[in-house]
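Take a look at the structure set out below.
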Amino acid sequence: MRSFAQSAALYRYIPQAQQILGLIVVFIGSLCCLWLSNRLMVWTSGRTLSLSSLTLAILFGILLGNTLYPRFAPQLSYGVDFAKGEILRLAIILYGFKLTLTQVTSAGMPAVLSDAMVLTSTFLLTYWIGTKLLKVDKHTTLLIGSGASICGAAAVIAAQPVIKAEAYKPTIAVATVVVFGTIAMLLYPFLYHLGWLQVWLSPQDYGVYTGATIHEVAQVVVAGNAISPEVGDTAVVTKMIRVMMLAPFLLLLSFALTKSTSGNGEQQTLLARLKHVQVPWFAFIFILVVILHTWLPLPTGFETMMVRIDDLLLTMAMFALGLTTHLSAIKQAGVRPLILGAIMFAWLILGGGLINVMVSFI
């Protein structure tokens with residue numbers, strides 16, 4: 001019985017005939033976004049690194065999703081949904097080829113502590129402010145918290161299957177990542193060069209601070225290397241440690257979303273709740289890939305190929321997400337999610353800075 005269930009689960013990752021056309025459209029659109037992202041980096045000497053293929057994919061996806069796509073949705077929706085689901089999970093798994101456990105040890109305990117404290121405080125504070133004060137719906141709040149506390153757009157789309165949010169809600173969360181992460185990318189080096197951060201943080205501490213509090217990996221690269229290559233390396237490693245916390249975060253999130261009461265209103269035991277937890281296996285396979293990537297000597301060409309495939313798959317997932325996002329739904333959500341994103345942006349700067357100053361004295 002179990003082998004049959006496992007075979008059925010694996011069968012889901014094989015595209016069916018009715019999904020091919022939609023996948024071809026998503027694939028071509030993603031290739032265009034990857035090409036444009038690379039061209040923008042060349043044309044601007046890398047100054048628009050924050051405008052990644054993921055950002056471009058969701059923007060172009062929304063544009064097409066609200067103009068041309070609805071006319072062809074009956075023929076393409078099967079493949080587009082496959083890209084948002086199964087391809088997304090594969091992309092998270094292959095993300096492990098961008099990380100190694102060696103990076104964790106090289107950054108040291110300050111980076112791990114900062115990441116853990118920033119992640120926990122940011123997510124819990126986002127949930128409390130979003131649901132209690134701003135009255136933002138629960139799903140949108142959880143997605144915004146995931147993006148702000150871990151790794152931006154990748155965390156948002158990884159959390160979406162666990163949260164089971166409507167298609168437009170991840171787009172709102174990604175919007176906060178793009179807007180406030182881009183501002184942080186420019187603001188952090190500016191404050192450092194003014195001398196405001198140098199009073200509290202050494203160059204090494206600034207790298208940890210940047211990696212622990214800025215949303216996207218690409219944004220961290222820009223903010224860190226604006227000081228020096230060494231600071232940039234520290235910032236990126238700290239950020240990658242934060243990314244590795246995605247798997248346990250998703251498991252805890254799934255447990256938290258499991259109801260503590262049964263259908264008849266009775267309290268369930270801890271064991272009963274654990275039976276209903278939807279384990280995000282793709283996130284734990286991601287950790288396994290990180291371990292294998294650390295311990296097994298892999299050809300450089302193979303690693304490069306896996307990273308490029310992962311970039312393509314993530315871009316496809318974001319493009320598919322954009323195609324199924326309706327601007328009317330975003331408008332209906334109102335301005336409160338953006339206010340929540342702004343508040344958490346301020347917290348990451350001030351609260352995250354305080355956490356990093358405290359950790360630097362340990």
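Quick caveat, the model's predicted, so the values are computed rather than measured.
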For this session: Just do the side chain to side chain contact (heavy atoms under 4.5 Å, CB included) check on T210 and V231 with the steps written out, would you?
Result: CA-CA 9 Å; T210 300; V231 170; 5.8 Å; no
[X] versus [Y]: any side-chain heavy-atom pair under 4.5 Å?
X: L21; Y: F72; value: no
X: I129; Y: M344; value: yes
X: L314; Y: Y95; value: yes
X: L101; Y: V290; value: yes
X: L23; Y: I87; value: yes
X: L257; Y: L142; value: yes
X: F286; Y: V243; value: yes
X: T120; Y: L124; value: yes

Looking at [atom1] of [X] and [atom2] of [Y], how far apart are the two atoms once the value is rounded to the nearest 0.5 Å?
X: H139; Y: I163; atom1: NE2; atom2: CD1; answer: 7.0 Å
X: S30; Y: L312; atom1: OG; atom2: CG; answer: 6.0 Å
X: T171; Y: I157; atom1: OG1; atom2: CD1; answer: 10.5 Å
X: I339; Y: L133; atom1: CD1; atom2: CG; answer: 12.0 Å
X: L36; Y: L56; atom1: CG; atom2: CG; answer: 5.0 Å
X: S114; Y: M109; atom1: OG; atom2: CE; answer: 11.0 Å

For residues 334-344, the salt bridge (charged side-chain N to carboxylate O under 4.0 Å, His left out) pairs (sequence neighbours left out) are none
So the salt bridge (charged side-chain N to carboxylate O under 4.0 Å, His left out) pairs with at least one residue in residues 230-243 (sequence neighbours excluded) are none
Give a yes or no answer on whether the side chain of [X] reaches the backbone of [Y] with a donor-acceptor pair at less than 3.5 Å.
X: S254; Y: L251; result: no
X: D310; Y: M306; result: no
X: E216; Y: V178; result: no
X: T324; Y: L321; result: yes
X: E303; Y: F97; result: no

Determine the minimum heavy-atom distance between [X] and [Y], stating which atoms define it.
X: M316; Y: V26; answer: O-CG1, 3.4 Å
X: A223; Y: Y206; answer: O-OH, 3.0 Å
X: F284; Y: A247; answer: CZ-O, 4.0 Å
X: F319; Y: C33; answer: CD1-SG, 4.4 Å
X: T141; Y: T126; answer: CG2-O, 3.4 Å
X: Q160; Y: A165; answer: NE2-O, 2.6 Å

Full working for side chain to side chain contact (heavy atoms under 4.5 Å, CB included) between Y209 and I349: CA-CA 9 Å; Y209 170 53; I349 294 175; 3.7 Å; yes
| said: Run N356 and D205 through side chain to side chain contact (heavy atoms under 4.5 Å, CB included) and show every step you take. | reply: CA-CA 7 Å; N356 277 271; D205 294 333; over 6 Å; no
Using residues 191-198 as the side-chain source, report each donor-acceptor pair under 3.5 Å to any protein atom, sequence neighbours left out, with the distance given to one decimal.
{"from": "H193", "atom 1": "NE2", "to": "A226", "atom 2": "O", "distance (Å)": "3.4"}
{"from": "Q198", "atom 1": "NE2", "to": "Y192", "atom 2": "O", "distance (Å)": "2.7"}

Give a yes or no on whether [X] and [Y] share a hydrophobic cluster (residues Ile, Leu, Val, Met, Phe, Trp, Tyr; joining criterion: side-chain heavy atoms under 4.5 Å apart).
X: W128; Y: I355; result: yes
X: V156; Y: M318; result: yes
X: M305; Y: L94; result: yes
X: L252; Y: L125; result: no
X: L323; Y: Y78; result: no

List the steps and the verdict of side chain to side chain contact (heavy atoms under 4.5 Å, CB included) for D115 and M244.
CA-CA 10 Å; D115 280 339; M244 291 182 66; over 6 Å; no
